[in-house]
Each structure stands twice: as C-alpha cells, then as structure tokens.
Amino acid sequence: MEYSTEEFETLYMRCYPPSMRLAVSLLHKEDEARDVVQEVFLKLWESNIRPDNPEAFLIRTVRNVCLNRLRMLDIREKVHQKMVLDAPPDDYATDRRNDEVMLAVENLLTPREREVVDRIYTEGLSYKDASENLGVSVAAVNKNIVSALKKLRNHFKTGKS
C-alpha cells in the first residue's frame, strides 16, 4: 500500500525535523545525519510498507541506521589501528610492519578483495559507497572484506597464507 505524493509530503514535513535532530545527536555530523534521514525516507517511499505508526517507524529506523553507521565506523577505526598504515615514517619498526601488511595484501588477496579493502580502509568509503563505486552489491563488499580480513588475520597469526 503506497503513499500518495501528497500524503508522503505531509509525512516528510512532519517527521523530517525530529528525524534530523535524532540523527545529528547520534552522529554529530549534519551531512551524515542528512544522508541517513534521506536514505530512510527514500526506503519508505520505495517500499510497499505502510506502517501503522509512520512517525515511530521513521524514528526507530533512523536510530537503527545511525547506530549501524557508528558500529561500522568503530570497526573501521579498530582495523585501521591494527594495520597501522598512517604511522610516522621515521619509525623503522612501523615502516617494516606497514611493508609487511602491504605485501600481504598484494600477495594474499584477490584483485577484487584488494579493490574493496582499498576503498574501505584507504579511501574510507562506507560499504554502500564502495559498492556503488565498484558496481557490486553491499553484500558482495561485505563478503570480500570478511574474506580478506580472514586471510590477513590468518597470515599474521600463523605466518602462513
């Protein structure tokens, strides 16, 4: 059961401000918050769902999308810290470790895994942006990241590929 354009505009005008306030309070970045809110409204418009309480549905969905983004940022930061790619160039041990990581990425990962790792961890793209950039699904990006990290973890734990 779809919304008419008029109904959706009314819903948008009523729910956009509280949705934005929630997103900004969680993400602390207005541009990201705007992206999240627009994404949620777009999904509602494109879907065939018509929730009983659209205001509550939108607020809950905005909250969940924001929390998922924060979780992904936290995971990205942890991986970034473990890989130590931005260390000072005068630290020999760190340079050596970076070289080992880059060599492992080049030798162990498939070309697609290397592309995905580069987009996510070097360029800092979200899974969604990386999927659009590479022309694959978000699930494919996730699958490649999981596979690549598993290979790298195994290599550095055991010293084998």
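One is the number of the first residue; the rest follow in order along the sequence. These numbers were taken from a predicted model, which means no experiment stands behind them.
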**Q** Check whether any side-chain heavy atom of Cys15 sits under 4.5 Å from a side-chain heavy atom of Val37, and report yes or no.
**A**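 In short, these two side chains do not touch, never coming nearer than 4.5 Å.
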**Q** Return each pair, listed once, that meets side-chain hydrogen bond (donor to acceptor under 3.5 Å, both in side chains) where at least one residue sits in residues 11-21; pairs must be two or more places apart or across chains.
**A**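 For residues 11-21, and leaving out neighbouring residues, the side-chain hydrogen bond (donor to acceptor under 3.5 Å, both in side chains) pairs sorted by first residue read Tyr12-Gln38, Arg14-Glu55.
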**Q** Among side-chain atoms of Thr10 and Glu7, is any donor-acceptor pair under 3.5 angstrom?
**A**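 Absent: no donor and acceptor within the cut-off.
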**Q** Got a sec, which residues hit salt bridge (charged side-chain N to carboxylate O under 4.0 Å, His left out) with Glu132, two or more places apart in sequence or on another chain?
**A**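 By the salt bridge (charged side-chain N to carboxylate O under 4.0 Å, His left out) rule, Glu132 matches no residue at all.
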**Q** Listing request: all side-chain hydrogen bond (donor to acceptor under 3.5 Å, both in side chains) pairs with a residue in residues 57-67, at least two apart in sequence or in separate chains.
**A**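 Sorted result for residues 57-67: empty, none.
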**Q** Any heavy-atom pair between the side chains of Asn107 and Met102 that's under 4.5 Å?
**A**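 No, every pair of side-chain atoms sits at 4.5 Å or beyond.
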**Q** Quick check: closest heavy atoms across Ile120 and Ser126, and the distance to 0.1 Å?
**A**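 Heavy atoms only, the tightest pair is CD1-O, 3.8 Å.
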**Q** Do Glu100 and Arg96 come within less than 4.5 Å of each other through their side chains, counting heavy atoms only?
**A**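 A side-chain contact exists here, since the closest heavy-atom pair is under 4.5 Å.
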**Q** Working to the nearest 0.5 angstrom, can you tell me the gap between Glu123 CD and Asn133 CG?
**A**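 If we round to the nearest 0.5 Å, Glu123:CD and Asn133:CG are 6.5 Å apart.
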**Q** Enumerate the ring pair (Phe, Tyr, Trp, His ring centres under 6.0 Å) contacts for residues 45-69, please, sequence neighbours excluded, ordered by first and then second residue.
**A**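 Listed once each, the pairs are Phe8-Trp45.
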**Q** Nearest 0.5 Å, please: how far is CG in Leu134 from CZ in Arg119?
**A**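 Going from CZ on Arg119 over to CG on Leu134, the span is 4.5 Å.
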**Q** Are Asn68 and Arg71 close enough that some pair of their side-chain heavy atoms sits under 4.5 Å apart?
**A**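 When only atoms from C-beta onward are counted, Arg71 and Asn68 do touch, with a gap below 4.5 Å.
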**Q** Under a 4.5 Å cut-off applied to non-hydrogen side-chain atoms, are Asn154 and Leu108 in contact?
**A**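 The answer is no, as the side chains (C-beta and beyond) never meet within the 4.5 Å cut-off.
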**Q** Under 3.5 Å, is there a donor-acceptor pair linking the side chains of Asn144 and Arg112?
**A**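 No pair is found: no donor N or O on one side chain lies under 3.5 Å from an acceptor on the other.
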**Q** Please answer: with hydrophobic residues joined when any side-chain heavy atoms are less than 4.5 Å apart, are Ile145 and Leu125 in the same cluster?
**A**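 No, no single cluster joins them.
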**Q** Do Glu9 and Thr5 come close enough that some side-chain heavy atom pair is under 4.5 Å?
**A**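 Yes - at least one pair of side-chain heavy atoms lies under 4.5 Å apart.
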**Q** So Tyr121 and Leu149, side-chain contact (heavy atoms from CB on, under 4.5 Å) or not? Walk me through it.
**A** CA-CA 11 Å; Tyr121 296 110; Leu149 293 178; 3.6 Å; yes
**Q** Which pair of non-hydrogen atoms, one from Ala104 and one from His155, has the smallest distance, and what is that distance?
**A**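 Closest pair (atom of Ala104, atom of His155, distance): CB-CD2, 3.8 Å.
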**Q** Below 4.5 Å, heavy atoms only, C-beta onward: do Leu11 and Leu44 meet side chain to side chain?
**A**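 A side-chain contact under 4.5 Å exists here.
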**Q** Please determine whether residues Val146 and Val141 belong to a single hydrophobic cluster, defined as Ile, Leu, Val, Met, Phe, Trp and Tyr linked transitively by side-chain heavy-atom distances below 4.5 Å.
**A**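 No, Val146 does not connect to Val141 through the hydrophobic network.
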**Q** State which residues pass salt bridge (charged side-chain N to carboxylate O under 4.0 Å, His left out) with Arg34; sequence neighbours excluded, sorted by chain then number.
**A**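 For Arg34, the residues satisfying salt bridge (charged side-chain N to carboxylate O under 4.0 Å, His left out) (neighbours in sequence not counted) are Glu30, Asp31.
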**Q** With Glu32, which residues qualify under side chain to side chain contact (heavy atoms under 4.5 Å, CB included), at least two apart?
**A**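 Per chain and number, Glu32 pairs via side chain to side chain contact (heavy atoms under 4.5 Å, CB included) with Leu27, Lys29, Arg69, Leu73.
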**Q** Could you walk me through whether Lys151 and Thr110 pass side-chain contact (heavy atoms from CB on, under 4.5 Å), step by step?
**A** CA-CA 10 Å; Lys151 288 176 184 178; Thr110 66; 3.9 Å; yes
**Q** Could you check if a side-chain atom of Leu26 sits within less than 4.5 angstrom of a side-chain atom of Leu22, using non-hydrogen atoms only?
**A**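 Yes, side chains in contact.
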**Q** Between atom CG of Asn142 and atom OH of Tyr127, what is the distance when rounded to the nearest 0.5 Å?
**A**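 Between atom CG of Asn142 and atom OH of Tyr127 there are 5.0 Å.
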**Q** Same cluster for Ile49 and Leu42 if Ile/Leu/Val/Met/Phe/Trp/Tyr side chains link at under 4.5 Å?
**A**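 Unlinked, Ile49 and Leu42 end up in two clusters.
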**Q** Hey, quick one: are Leu152 and Leu103 part of the same hydrophobic cluster, counting side-chain heavy atoms closer than 4.5 Å, chains of contacts allowed?
**A**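 Result: no, two separate clusters.
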